[in-house]
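Down below is the structure, laid out as C-alpha cells.
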Amino acid sequence: MDSLMLSLSTTAVGMLVVFSGLVILIACIYGMTSLTGRKSQAAAPQVEEAPVAAPVAVETAPAAVEENDEQLIAVITAAIAAVWEGQQSSFVVRRVRRAQSSTARARAARDEQMFSRL
C-alpha cells in the first residue's frame with residue numbers, strides 16, 4: 001500500500017510540474033508577442049473594399065523593348081489589375097523582366113517569399 005501511495009504522489013507531483021511549466025511557457029510567449037508588437041493574422045482588422053481599383057502604371061525599359069514584349073507587359077498588367085480589382089492597393093507595376101534560370105532552391109525561396117505576402 002505504501003508503494004501505491006508513493007507512486008500516486010510521484011505522479012501528482014510530475015503532472016503539477018509539467019502543467020505549471022506549460023503555463024509559464026504560455027505566459028512567456030504572450031509576453032514576447034506583446035513586446036514585439038506582432039499581432040496574429042486572425043486578429044488583423046478587416047480591410048473594406050474600395051469602390052474603384054487603384055490605377056496600375058507600367059514603365060518599360062527605354063530602348064530595347066520589342067513589340068512582343070510590350071504586348072506581354074500589357075497582358076501581365078491586365079492580369080494583375082484583374083486580381084487586385086475591388087481592393088484598395090498602392091501596387092504599381094514598375095518593371096517587368098524575365099526571370100533568369102535559377103536553381104530549384106532559389107525558385108522555392110522566391111515562391112515562399114512571394115506567397116507569404118499574399
Side-chain angles (χ1 to χ4, degrees):
M1 192 68 161
D2 287 333
S3 63
L4 180 63
M5 292 305 285
L6 180 63
S7 64
L8 288 176
S9 65
T10 303
T11 302
V13 168
M15 290 175 66
L16 181 66
V17 167
V18 168
F19 285 117
S20 61
L22 288 174
V23 168
I24 291 171
L25 182 63
I26 290 170
C28 288
I29 291 172
Y30 279 125
M32 289 169 55
T33 56
S34 67
L35 288 177
T36 59
R38 293 185 181 177
K39 296 180 181 178
S40 66
Q41 290 181 354
Q46 296 294 329
V47 177
E48 295 180 15
E49 292 187 22
V52 178
V56 178
V58 176
E59 295 179 13
T60 59
V65 177
E66 298 177 11
E67 190 169 320
N68 290 338
D69 288 341
E70 290 178 358
Q71 291 176 354
L72 179 64
I73 291 171
V75 168
I76 291 172
T77 304
I80 292 172
V83 168
W84 289 95
E85 182 180 354
Q87 299 177 2
Q88 185 175 8
S89 173
S90 60
F91 185 80
V92 176
V93 177
R94 298 198 188 278
R95 177 175 52 167
V96 177
R97 62 185 170 122
R98 296 189 190 277
Q100 301 296 326
S101 60
S102 57
T103 63
R105 176 179 279 175
R107 283 191 307 265
R110 184 173 49 240
D111 289 344
E112 180 181 347
Q113 186 177 23
M114 287 173 28
F115 293 132
S116 69
R117 295 174 187 233
L118 294 179

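The structure presented is a predicted model; accordingly, all values stated were derived computationally and were not measured.
Rounding to the nearest 0.5 Å places CE of M5 at 9.0 Å from CG of D2. Rounded to the nearest 0.5 angstrom, I29 CD1 and T33 OG1 are separated by 8.5 Å. Atom CG of residue L8 and atom OG of residue S3 lie 9.5 Å apart, to the nearest 0.5 angstrom.
Shown here are the side chain to side chain contact (heavy atoms under 4.5 Å, CB included) partners of L6, two or more places apart in sequence or in another chain: S9, T10. Partners of M15 by side chain to side chain contact (heavy atoms under 4.5 Å, CB included), not counting sequence neighbours, listed by chain and number: T11, F19.
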